[in-house]
Each structure stands twice: as C-alpha cells, then as structure tokens.
Student: 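Below you'll find the structure I mean.
None of the values given here were measured: they were computed from a predicted structure. Letters go in sequence order (proteins before strands), and every chain restarts at 1.
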Amino acid sequence: MIDFKIHQRDSEDVSVIELKGYLDAHTAPDLETAFQKLITENKFNIVVNCRDLSYISSAGLGVFMAYVEDIRKNKGDIKLTNMTPKVYNVFDLLGFPILYEIYKDEQEAVVRFHEPKK
Amino acid sequence: MNTQTGHKSKRILSRTDHLLEVREFVGDEARAFGFSEEDASNIVLAVDEACTNIIKHAYQYATDKEIEVSIVPQHRSFEIRIFDSGRSFDPSTIRQPDLKEHIGHHKRGGLGVYMMKRLMDKVEYNFHKGKRNEVRLIKFRSNASTVAGR
C-alpha cells in the first residue's frame with residue numbers, strides 16, 4: 001500500500017509540490033529528500049499543495065521547519081495551499097500561520113512569487 | 001486483541017511503518033466510543049505522537065522492540081495506555097516549543113509532547129524501575145468537541 005506520494009510540477013520560476021496521503025514519521029524522509037533536491041537544483045520558490053494530504057503529524061511539520069530558513073536565505077519561500085480543515089488545524093496548533101504563508105488556492109501562492117518583494 | 005476485562009489492545013513492533021495500523025485501530029475505537037470525527041482525529045494524532053516518541057527516543061529506532069497500545073473506555077472518558085520497555089525520559093523537561101527557535105536549527109524535539117498535551121485533556125506518564133514505561137492519554141466525553149486550550 002502507498003501511504004504517501006509526492007508529485008512535483010515546475011513552471012517557470014516556481015516549483016509546485018503536491019502531497020498525497022499520510023505524512024508521518026514513516027513518510028517524512030520522502031519530503032526531506034524532495035526539499036533537499038529542490039535546494040540542490042537552486043529551486044527556492046516552492047508552493048506545497050496539500051489538497052490530497054489526508055494526515056500530518058509533527059514529524060511532517062518538522063520537515064517544513066527544517067528547510068524554510070535555507071530557502072528564505074536564498075530569497076525563496078515555502079508557501080502552503082489547499083489544506084483541508086483537518087490538516088490546517090494541525091498546522092495551526094503549532095502556530096504555523098504566523099510564520100508561513102498559507103493560501104486557499106495554489107494559484108494565489110504562485111502569483112505572490114511574481115509580485116515585487118517589499 | 002480482546003483482554004479478559006473487555007479492553008482492546010494492539011501490539012506492534014517499534015517501526016514507523018506500523019503507525020498507520022495503530023492510527024486505524026485507535027480511530028475506529030474512538031468513533032465507536034461516540035467521539036466526533038474531529039475528536040477522533042485529535043486522539044489518533046496524539047497516539048501517533050506518543051508512539052513516534054517511543055520509536056525515536058525510548059527505542060532509538062531499534063525495530064525489533066514492542067509497543068502495546070491499550071484502549072480502556074471509562075464511563076466519562078476514553079483512555080489510551082501505551083507501554084514500552086525502552087529508555088524512559090522526563091517529559092517535564094519539555095517546554096512549549098518556540099517555532100522560531102525550531103526553524104533553521106533542524107531542531108525537531110518537543111513538538112510531539114506539546115501536541116499531545118494540546119490534543120488530549122490529560123497526559124500522564126508512569127515510569128517505575130523494573131516495569132514497562134506507560135503513557136496515558138485521556139479524553140473526557142463532556143469536553144469532546146474542542147481541543148484543550150483553544
């Protein structure tokens with residue numbers, strides 16, 4: 001059985017990662033690998049679409065925390081989109097909405113990367 | 001497994017690929033107890049965090065150890081007792097995580113313990129020399145609809 005799947009789409013200067021299934025201590029290393037690969041390839045504008053993410057535990061949240069600073073230092077960002085209320089509640093529990101941009105829709109996040117930086 | 005007292009329990013090996021099985025077991029029991037989908041999800045997440053901590057910290061990723069998850073429904077509360085035979089740790093040393101501190105420092109610890117406290121009404125630890133470690137996660141029926149402290 002496949003617990004977790006990552007699909008990556010690159011368009012111009014933004015990489016969109018779609019997450020599907022269960023992101024827990026078992027599958028979090030897969031997401032780490034995906035972020036490491038993006039950093040190696042100098043792809044720092046990242047949108048994570050959580051539409052098909054059914055579950056996340058602190059092991060999954062920890063991956064977002066571990067890589068965001070490296071990515072921001074390189075003038076990029078991790079923006080999160082399309083969360084179900086159940087998944088949003090877990091991000092909210094740890095205060096993610098204060099430190100991460102979370103959008104209802106993927107396109108909103110992609111557009112933000114093309115706006116002039118303040 | 002049904003015990004003589006009617007409690008249900010599940011034993012798994014200390015491997016992260018068994019977390020899904022535990023979540024399904026606990027979720028089914030929580031819903032059968034009468035919890036809403038939201039409460040059942042919170043209970044499931046708290047149990048996942050407890051088992052993940054055992055795998056990482058108590059057993060330090062040894063994959064051949066045992067974790068027992070026991071469901072003990074009470075009149076007004078739903079109790080999950082989780083047992084392991086690994087290293088015990090003092091959870092009182094865990095303070096509320098500062099997200100800013102975690103970011104960039106590749107620091108992951110402490111998140112699970114904090115989440116368990118927020119998701120459940122009560123979290124108790126029992127460590128006695130010569131006995132298995134026990135974590136008790138308790139959710140009251142009357143407080144069923146909200147995450148503690150929110």
Student: So, using ring-ring contact (aromatic ring centres under 6.0 Å, His included) as the criterion, who are the partners of A:Tyr55 when residues are at least two apart?
Tutor: none
Student: For chain A, find its close neighbours in residues 43-52 of chain B: heavy-atom separation under 4.5 Å, sorted by number, or none.
Tutor: B:Val44, B:Leu45, B:Asp48, B:Glu49, B:Thr52
Student: Would you kindly check if the NZ (Lys) or CZ (Arg) of A:Lys79 is within the cone defined by 45 degrees around the ring axis of A:Phe113 and under 6.0 Å from the six-membered ring centre?
Tutor: yes
Student: With respect to chain B, which residue among A:Ala25, A:Gly95, A:Pro85 yields the maximal number of heavy-atom pairs within a distance under 4.5 Å?
Tutor: A:Ala25
Student: Indicate whether any N or O donor in one side chain lies under 3.5 Å from an N or O acceptor in the other, for A:Tyr22 and B:Arg23.
Tutor: no
Student: With side-chain hydrogen bond (donor to acceptor under 3.5 Å, both in side chains) as the test, pick out the partner of A:Tyr103 among A:Glu101, A:Glu106, A:Gln107.
Tutor: A:Glu101
Student: Is any side-chain heavy atom of A:Asp24 closer than 4.5 Å to a side-chain heavy atom of B:Thr16?
Tutor: no
Student: If the condition is ring-ring contact (aromatic ring centres under 6.0 Å, His included), which residues does A:Phe96 pass it with, not counting sequence neighbours?
Tutor: A:Phe91, A:Tyr100
Student: Could you pull out all residues at least two apart from A:Gln8 that satisfy side chain to side chain donor-acceptor pair (under 3.5 Å)?
Tutor: A:Asp10
Student: Heavy-atom distance under 4.5 Å to chain B: side chain of A:Ile71, backbone, both or neither?
Tutor: neither
